[in-house]
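As a basis for the values below, the full set of heavy atoms in this structure was taken, side chains included, without hydrogen atoms, waters or symmetry mates.
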Amino acid sequence: MKKTVRNVVAGVVMAAALAVPAIAVAPASAIAPATAPAPAAKPGWTPLAAAAEPQVNPLKGFIPFQGSYSNFPYSMEWSYFPLNAVMTGPNTFDWSVMDAALDDIASRGHQTALRFYLDYPTKPSGVPQYLLDGGLATHSYDDYGNNGVSVSPNYDDPALLTALDQFVAALGKRYDGDARIGFVQAGLVGFWGEWHTYPYNGDGGQPNWMASDATQQQILTDFVGAFHTTQLMVRNPNAMNASMPIGYHDDSFALETKTSSLGWHFMDNMVAAGATDKWKTYPVGGELRPELQPCIFSASGCPVLEDGGDNDFPGSVSQTHASWMINHYAFQTGYSAADKPAALLAAQSLGYSFRATQALVPASSSAKTVTVGLTISNVGVAPFYYDWPIKVAYVDSHGTVVKSTTTNWHVSDIASGSTKTFTAALDLSGVAPGTYKLVAQVANPLSNGIPIRFANATQDTVKDGWLTLGATVVKGSAGHGGHKGHSGHGVGQGPCARSGSRPF
């Protein structure tokens, strides 16, 4: 999916969501129960029963830092990289460290969300050595437990700016559209690459170590110019980036998220930037505030950490339309049996949730082509941001796919809260006479990646990873006496129906 700059609605103020207890379940729209009645089907169409949002779906939910865990379901992992791990000199790069991490995460069927940094408190500097040797000025500090280990560079130094230009261009050239990557954050600037140098921001007599507006704009422009397919994110919503094709990362989620009287919470900044509708096109993610991770889903809740904090996870989801959230506690430590159900519901409430409401499946056919259809609602809080196509397939009584067709149907066309009906003519050549189940799947372009599963009762009932639409009989002349096991691609296949390492 090639990103384009879209106008966002300026000056839209999102009303604050009603505060609810920390243990409240996720928004009902995202996790409607299996007993919810299906709408009346059109003539010739069959209604499909609803179910809860699956516990895991790609590019959404709670995610850990890179690693293999069994305490909580997940589809994506977070990874940091120091710039000097890959940039060895002006326009020279060694990508082996990054590729090793991406391959490790992909081996578990997961995508990666990633950020590069120059300065990570308590870790050795991420500044390439050739820049330090060339005289790049740096600031030592003891804040955040750093004790002088890392240093804050002069972000406006022309040599550093040139290096960042070169790095971002090379990063995009190599990895834009890589199936292993879900999201790339425009890090590099500030502590942890989070685009702040607090308390060294010029307030209270402190020096200002933060990059100038011109430098920030140049780095963002570099990222937008280098990535046309992979979705980008940045920490702070502001007027500088509001009109750029880039999403956001709230790293203090559920504490400093919702609109407030303070004027500096994440959604306060979204309102000020006129960016409250950007989630409709570009993703919002973040990190559940670490101090809240162990307790926010418990009956007793968490203490309020600061004035203006609200510990309101559902309200924060409602306002931000967030798709994914780092919550390492869920994986490394794990929730108790009492707290885990609420945590699972919270994870399910993030991002998209696709529910098929009806299907058009011919009872039988002897024609060379048949018309099939599928109506899908997005009952989640956000869209899906990549144009992964829907596949439909004929499955025999042994569970074998005898013919699979990639359509030009895309779940990315279904906005949050909307419904869309797709139809297509399927070529039955090569399908032998017999009784089959018609199934559908939004396949992950990562070869072993988790497919998008639907919030339906017939998800995975005939074949794992596939939604069952109904039964159909192929009569003698339809398949032209073909053989089983044939896989075809004849219907509506567009440029996004592809596989390999660059599929988004």
Test applied, ring pair (Phe, Tyr, Trp, His ring centres under 6.0 Å); reference residue, Tyr74; option that passes from Trp324, Phe331, Phe65 = Phe331

Where Ala254 and Leu288 come nearest, the two heavy atoms and their spacing = CB-CD1, 3.8 Å

Compute whether any side-chain donor of one residue and acceptor of the other, for Tyr335 and Asn327, lie under 3.5 angstrom apart.
-> yes

Between the CG atom in Leu188 and the CG atom in Asp222, the distance rounded to the nearest 0.5 Å is 9.5 Å

Are Tyr175 and Asp99 close enough that a side-chain donor and a side-chain acceptor fall under 3.5 Å?
-> yes

Regarding Asn201 and Gln206, is there a side-chain donor-to-acceptor distance under 3.5 Å anywhere?
-> no

State yes or no: are the ring centers of Tyr69 and His328 separated by less than 6.0 Å?
-> yes

Assess whether side chain to side chain donor-acceptor pair (under 3.5 Å) is satisfied between Ser260 and Asp268, documenting all intermediate values.
-> CA-CA 7 Å; Ser260 72; Asp268 295 332; 2.7 Å; yes

Where do Ala101 and Ser79 come nearest, in terms of heavy atoms and distance?
-> CB-OG, 4.3 Å

Does a side chain donor of either Thr257 or Asp250 reach within less than 3.5 Å of an acceptor in the other side chain?
-> yes

Would you indicate whether the side-chain heavy atoms of Tyr352 and Ile452 approach each other to under 4.5 Å?
-> yes

Among Gln111, His110, Gln66, which one satisfies side-chain hydrogen bond (donor to acceptor under 3.5 Å, both in side chains) with Glu77?
-> His110

Side chains of Ser252 and Arg289, donor plus acceptor under 3.5 Å = yes

Specify whether Phe227 and Phe223 have parallel, tilted or perpendicular ring planes, treating 30° as the upper limit for parallel and 60° as the lower limit for perpendicular.
-> parallel

Any side-chain heavy-atom pair of Ile376 and Phe454 under 4.5 Å | yes

Indicate the atoms forming the closest heavy-atom contact of Ala347 with Phe62, along with that distance.
-> CB-CD1, 3.6 Å

Does a donor on one side chain sit under 3.5 Å from an acceptor on the other, for Asn241 and Tyr248?
-> yes

Identify whether the distance between the nearest side-chain nitrogen and carboxylate oxygen of Asp104 and Arg108 falls below 4.0 Å.
-> yes

Step-by-step side chain to side chain donor-acceptor pair (under 3.5 Å) determination, His265 to Glu256 = CA-CA 5 Å; His265 280 191; Glu256 300 168 350; 5.8 Å; no

Between the side chains of Gln216 and Asn238, is a donor N or O closer than 3.5 angstrom to an acceptor N or O?
-> no

Please report the C-alpha distance between Asn84 and Gln129 in whole Å, then the side-chain angles of each, then the deciding distance to 0.1 Å, and finally whether the side chain to side chain donor-acceptor pair (under 3.5 Å) criterion is met.
-> CA-CA 7 Å; Asn84 59 12; Gln129 188 62 43; over 6 Å; no

Flag the pair Tyr282 / Tyr385 as yes when their ring centroid distance falls below 6.0 Å, and as no otherwise.
-> no

Using the benzene-type ring in the case of Trp, are the ring centres of His139 and Tyr200 under 6.0 Å apart?
-> no

Paired with Asn57, the side-chain hydrogen bond (donor to acceptor under 3.5 Å, both in side chains) test is passed by just one of Glu53, Gln55, Lys60, namely Glu53

Shortest non-hydrogen contact from Ala186 to Ile246?
-> CB-CD1, 4.4 Å

Measure up the Tyr141 and Phe191 rings against each other and bin them: parallel (under 30°), tilted (30 to 60°), perpendicular (over 60°).
-> tilted

With Phe81, which of Phe116, Tyr120, Phe167 fulfils ring pair (Phe, Tyr, Trp, His ring centres under 6.0 Å)?
-> Phe116

Under 3.5 Å, is there a donor-acceptor pair between the Ser150 and Asp119 side chains?
-> yes

Only one of Tyr80, Tyr117, Tyr144 clears ring pair (Phe, Tyr, Trp, His ring centres under 6.0 Å) with Trp192; which?
-> Tyr144

Note: Arg453 and Pro54 closest approach over all heavy atoms is CB-CG, 3.7 Å

Residues Asp156 and Thr215: side-chain donor-acceptor under 3.5 angstrom = yes

How about Asp142: does its CG atom have over 12 heavy atoms from other parts shown lying under 6.0 Å from it?
-> yes

Heavy-atom pair of closest approach, residues Pro128 and Leu118 = CD-CD2, 4.1 Å

Do we see a donor-acceptor contact under 3.5 Å between the side chains of Thr88 and Thr92?
-> yes

Lys258 charged N/C atom sitting above Phe266 aromatic ring, 6.0 Å / 45° = no

